[in-house]
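The block underneath contains the structure these notes are about, expressed in structure tokens.
First listed ligand is number 1; within each ligand, the first listed atom is number 1. Please read all numbers here as calculations on a predicted model, not as lab measurements.
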Amino acid sequence: MTGTDVIILGAGAAGLFAAGQAGQRGLRVALLEKAEAPGKKILISGGGRCNFTNLGAGPANYLSANPHFAKSALARYSPTDFIALVEKHGIAWHEKTLGQLFCDGSAKQIVAMLLDECPPDCVTLTCGVEIAEVARGADGRFTVTAADGRQWQAPALVIATGGPSIPKMGASDFAYRLARQFGLKVVEPRPALVPLTLGGEDVLFRELSGVAAPVLARAGEGKQKAEFVEAALFTHKGLSGPAILQISSYWRHGEPVGITFLPDAASDWLLEAKRDRPRTHLRTLLRERLPDRLADALADRLASKGSGLEQELGNCSDKELRAAQARLADWRFAPTGTEGYAKAEVTAGGIATAELSSRTMEAVKVPGLYAIGEAVDVTGWLGGYNFQWAWASGFACAEAL
Ligand code: FDA
């Protein structure tokens with residue numbers, strides 16, 4: 001193709017959005033996609049209804065080696081801007097919980113909207129392109145060559161090929177390889193928003209597969225630590241559910257995960273119960289507040305090691321009850337790992353933000369080269385934050401092209 005202003009690699013959330021924005025500014029865009037259709041992850045997102053943004057999306061909801069990097073782009077394209085776009089296209093939406101916005105209908109509407117936003121005389125989408133080589137000439141122009149010999153040339157190239165999570169959908173480390181080819185550093189990628197696996201003593205909890213309960217879950221150390229109050233789910237491999245997916249992004253191999261069962265309970269609730277209902281058993285109290293199977297598993301473990309906690313509360317010592325309260329408030333699990341990229345909703349890490357301008361997403365050392373979306377070392381929480389980053393980084397890039 002001749003007369004192209006920008007080549008965008010990847011027609012996912014970030015690439016499609018950036019292509020539309022650049023096209024509307026009159027730029028001629030070649031949008032190249034490996035899959036046979038665009039926006040595949042959008043289509044499966046949010047259980048098919050696409051959690052397209054979060055009302056509260058701000059820099060604090062993202063992990064990155066540089067927590068300030070996302071600020072500029074997020075400020076210049078906000079959830080309100082995306083909502084306005086969704087409404088312009090007549091797409092009905094609702095808030096499910098915690099500021100998470102979903103389509104009333106289907107995620108297909110978001111893909112259709114993004115395609116609609118691409119002016120056909122400016123944006124050419126080509127699917128099924130297997131990229132064999134990307135080169136930059138002495139004149140600074142980029143040439144993309146496909147395995148079948150087709151070529152595209154332009155003075156600007158945008159990497160929007162996402163991260164390696166869900167490889168069975170064709171996701172790969174292509175973005176990182178390309179970035180490294182141009183001398184850009186990559187922050188070690190790792191699966192994020194991913195279930196954790198349990199082994200050792202914790203393995204017994206796997207018997208609770210299918211049981212869920214609201215918890216406060218915490219993980220991480222130093223600046224990269226976080227806690228979330230949401231549901232946790234026991235699985236046949238370990239732990240999942242929103243609270244666990246959220247902390248998985250902060251968790252590192254070898255570190256414990258802390259779970260507060262009954263996060264709303266007063267700090268002295270067992271001593272109060274001993275006073276108010278001395279004939280009751282700990283197991284009964286737990287069963288009143290938690291699913292029976294979980295209550296029994298916790299009661300069994302608390303009462304083990306010859307403690308008196310199998311007795312009526314009135315016969316338990318205050319010391320034992322305080323210790324049980326403390327353990328329920330900070331139950332330590334030692335995950336053996338994660339379920340990996342096969343189950344990870346996103347990839348943390350990626351193209352180092354230190355290599356990019358936070359205003360434009362352009363590589364500082366390679367003029368004309370840009371990176372946006374999940375390929376970059378900016379990872380959002382669960383709940384629409386990752387799409388908001390795709391829109392905001394795509395917008396920042398398109399404005400600068
Ligand atoms: P994205 O992965 O969307 O797009 C990359 C594109 O590049 C793909 O189309 C891919 O085929 C293409 N590509 C890859 N290699 C290529 C190559 N070599 N050449 C050409 N093209 C290539 N987030 C959220 O905010 N709300 C939600 O509801 C969900 N739900 C959700 C569910 C599931 C199951 C998953 C796996 C993920 C989510 N996410 C999410 C995360 C969200 O989908 C993700 O963060 C964004 O899609 C990232 O957008 P990108 O455009 O960066 O990558």
Exercise for the section: Search all heavy atoms of Cys397 against all heavy atoms of Val158 and return the closest pair with its distance. Expected result: SG-CG2, 3.8 Å
Exercise for the section: Not counting sequence neighbours, which residues clear side-chain hydrogen bond (donor to acceptor under 3.5 Å, both in side chains) with Ser358? List them please. Expected result: none
Distances under 3.5 Å, N/O of ligand 1 against N/O of the protein: list each pair and its distance.
from	atom 1	to	atom 2	distance (Å)
ligand 1	3 (O)	Ala13	N	3.4
ligand 1	9 (O)	Glu33	OE1	2.6
ligand 1	9 (O)	Glu33	OE2	3.2
ligand 1	11 (O)	Glu33	OE2	2.5
ligand 1	21 (N)	Lys34	N	3.1
ligand 1	25 (O)	Asn386	N	3.4
ligand 1	25 (O)	Phe387	N	2.8
ligand 1	26 (N)	Asn51	O	2.9
ligand 1	28 (O)	Gly46	N	3.1
ligand 1	28 (O)	Asn51	N	3.2
ligand 1	30 (N)	Gly46	N	3.4
ligand 1	45 (O)	Glu374	OE1	3.0
ligand 1	51 (O)	Ala13	N	3.1
ligand 1	51 (O)	Ala14	N	2.8
ligand 1	52 (O)	Glu374	N	2.8

Practice task
Could you grab the distance from atom CD of Glu374 to atom CD of Glu345, nearest 0.5 Å is fine?
Solution key: 9.5 Å
Problem - Carboxylate-amine/guanidinium contact Glu207 Arg293, below 4.0 Å - result: no
Practice task
Answer yes or no on whether Arg289 is positioned over the face of Phe261, meaning its NZ or CZ is under 6.0 Å from the six-membered ring centre and within 45° of the axis.
Solution key: no
Problem - Whether Arg76 side chain and Ala392 backbone form a donor-acceptor pair below 3.5 Å - result: no
